Amino acid sequence: MSIHSSTPDSSPIIELESVRKAYTLPDGQGFDAVHPISLSIARGDVFGLIGTSGAGKSTLLRLINLLEQPDAGSVKVAGRDLTALGRRALREARQNIGMIFQQFNLLQNATVYDNVAFPLRIHGHHSRAEIDARVRECLALVGLSDKSASYPARLSGGQKQRVAIARALAPRPDVLLCDEPTSALDSETTRSLLQTLRDINRDLGVTIVIVTHELAVVDQLCSHVAVLEHGRLIEQFAIDAPAESRRSALGRELAELVAERQWREARLAAAAEVVPIRSPGAVAPAAVSPIHTAKVSYA
Amino acid sequence: MPESFIELLPELWVAIGQTFTMLGIGLSAAVFIGGPLGVLLFLLSPGQSLAHKPSYLVLSWIVNTVRSFPFIILMVALVPFTRLVAGTSIGPLAAAVPLSVAAIPYLARLVEQTLREVPRGVIEAAHAMGASEWQIVWRVLVLEARSGLILALTVLAVSFLSYSAIAGVVGGGGIGDLAIRYGYYRFETDIMLVTVALLIVIVQIIQFGGNAIAHRLDKR
């Protein structure tokens, strides 16, 4: 089974058209965080934004839900032009765009339950029973049903990020924006969190846009990638597309990583076919098992 | 001492009642006017969601100006205003007027500073979920800063206990008034000691209570 099993259909759910964002630095100088960029992301896709730090990838992500107001250009999500909306309509539209962060950004003085209920409560049109059902559903989805009365301070980093995911998914968004979601987590926790994101994408059809500086995360999660440098979109490709045409260093590095993984998977597949014939009922060969268990483990 | 002390007991009760009247009114004004003012200061400050430099600077200037008055001067300067509001310039109700005027900007500043402790990311996450400013104030800022806000109120209460004693000088009544009339003017040192001891006990109770509540509310 391929890891990238989701098949995005062609209609874009996110369309950025010549969005531009500049900041004024403290010394009064202008700084172009994002030069005019046009980008469209297909419904059901898992899309990675990569680049060195300061490349503008986080800014670009935050332009999608208008946490950053673009200086120019338009941002369309699910067919609606967010830049044309008033404050109230924008707040409504944001229910359709979940977001998770590197630092989780949970309410520390609210229980896990109340954190997940937050987005449902602020948009008044849900009954108490509806909220309760949805919160339990979302907590079950991320495997934290037993933590609903805990406060975030009592949770591990991975658990906090799962709560954040449950919170983001509570209003049933079409899009999930992830801003360095695994950068504060260890590699084991990262793996299991990525599995959760994959499941969400596959089972719920939520389109995922992820900003990360970890190429391994992109390799394991994304179907499509955009590379940014100095606020410019350098290239954009499907992750398993041929590597020859890559223009950026990051793109080539990622291609190597992907090739390595594909080679490893192929070898594993071959081994899996060979093993039962060679030694039926015996223990799996030691050379294969560590990698294999690492790949499928899901805590 | 015992005779004079027992003789004074009824007056002491009245004084305690007056002190708490002044504190109660002053602190209420601070909470209901100074609190929202502090939230407004925070929201208008640079980098926050309602950032507006001119408004922030004007409001901030007013807060600083009122806070820069020595309390006794403020009390005297406000006499005409106090007459207008309370109908008189003596007694605990009258003293509550300048106390309130001083407490409002005091708490506003404390609230503003306390809210700065709420991580930006948490406010941002609420914005990303489509929360309104009003919802962010109540469901994020107040919730996350609640133990700090209780401690701010505790600091205010302790400061204003001593401010209320100053009010005694100009006929405000209360424990401070008692200390001055008997302890200072009549050289009854024992009365002075009793009032000081009483103030110490009240301060300890306020601080202990404030700390305990803040600790209970803090889940971080």
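All values reported here derive from a predicted model rather than from experimental measurement. Reminder, nothing fancy here: chain letters follow the sequence lines and each chain counts from 1.
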* **Residues that Arg20(A) engages under side chain to side chain donor-acceptor pair (under 3.5 Å), provided they are two or more places apart** => none

* Structure fact -> Rounded to the nearest 0.5 Å, the CD1 atom of Ile41(A) sits from the CG atom of Leu16(A) at a distance of 6.5 Å

* Counting only heavy atoms closer than 4.5 Å, note whether Leu67(A) contacts chain B via side chain, backbone, both or neither. => side chain

Compile a table of inter-chain donor-acceptor pairs under 3.5 Å between chain A and chain B, counting both main-chain and side-chain atoms.
residue, atom, partner, partner atom, Å
Arg62(A), NH1, Glu124(B), OE1, 2.9
Arg62(A), NH1, Glu124(B), OE2, 2.9
Arg62(A), NH2, Glu124(B), OE2, 2.7
Arg94(A), NH1, His127(B), O, 3.1
Asn105(A), ND2, Gly121(B), O, 3.0
Gln108(A), N, Glu144(B), OE1, 2.7
Gln108(A), N, Glu144(B), OE2, 3.1
Asn109(A), N, Glu144(B), OE2, 2.9
Asn109(A), OD1, Lys219(B), N, 2.9
Asn109(A), ND2, Leu143(B), O, 2.8
Asn109(A), ND2, Glu144(B), O, 3.3
Ile122(A), O, Gln135(B), NE2, 2.7
His123(A), NE2, Met129(B), O, 3.0

* Asked: Who in residues 34-42 of chain B is close to chain A, using a strict under-4.5 Å heavy-atom cut-off?
  -> none

* For residues Val135(A) and Val112(A), determine if any side-chain heavy atom of one lies less than 4.5 Å from a side-chain heavy atom of the other. => no

* **Region of Leu177(A) that comes under 4.5 Å of a non-hydrogen atom in chain B** => neither

* Asked: Hey, are the side chains of Ile175(B) and Ile202(B) touching, using non-hydrogen atoms and a 4.5 Å cut-off?
  -> yes

* **Test: Asp132(A) and Arg128(A) ion pair at under 4.0 Å** => no

* Asked: Could you state the interatomic distance from OG1 (Thr189(A)) to CG (Leu193(A)), rounded to the nearest 0.5 Å?
  -> 8.5 Å

* Counting only heavy atoms closer than 4.5 Å, note whether Leu217(B) contacts chain A via side chain, backbone, both or neither. => backbone

* Asked: With only heavy atoms counted, which part of Phe104(A) is less than 4.5 Å from chain B, the side chain, the backbone, both or neither?
  -> neither

* To do: Output the distance between atom CG (Leu149(B)) and atom CD1 (Ile213(B)), rounded to the nearest 0.5 Å.
  => 12.5 Å

* Under 4.5 Å from a heavy atom of chain B, the part of Leu106(A) involved -> backbone

* Distance in Å, Asp203(A) CG paired with Thr196(A) OG1, rounded so as to fall on 0.5 Å steps -> 11.0 Å

* Non-hydrogen side-chain atoms of Val209(A) and Leu176(A) separated by less than 4.5 Å -> no

* Asked: With Thr212(A), which residues qualify under side chain to side chain donor-acceptor pair (under 3.5 Å), at least two apart?
  -> none

* To do: Flag the pair Leu82(A) / Ile97(A) as yes when at least one side-chain heavy-atom distance between them is below 4.5 Å, and no otherwise.
  => yes

* **CD1 (Ile90(B)) with more than 12 external heavy atoms under 6.0 Å** => no

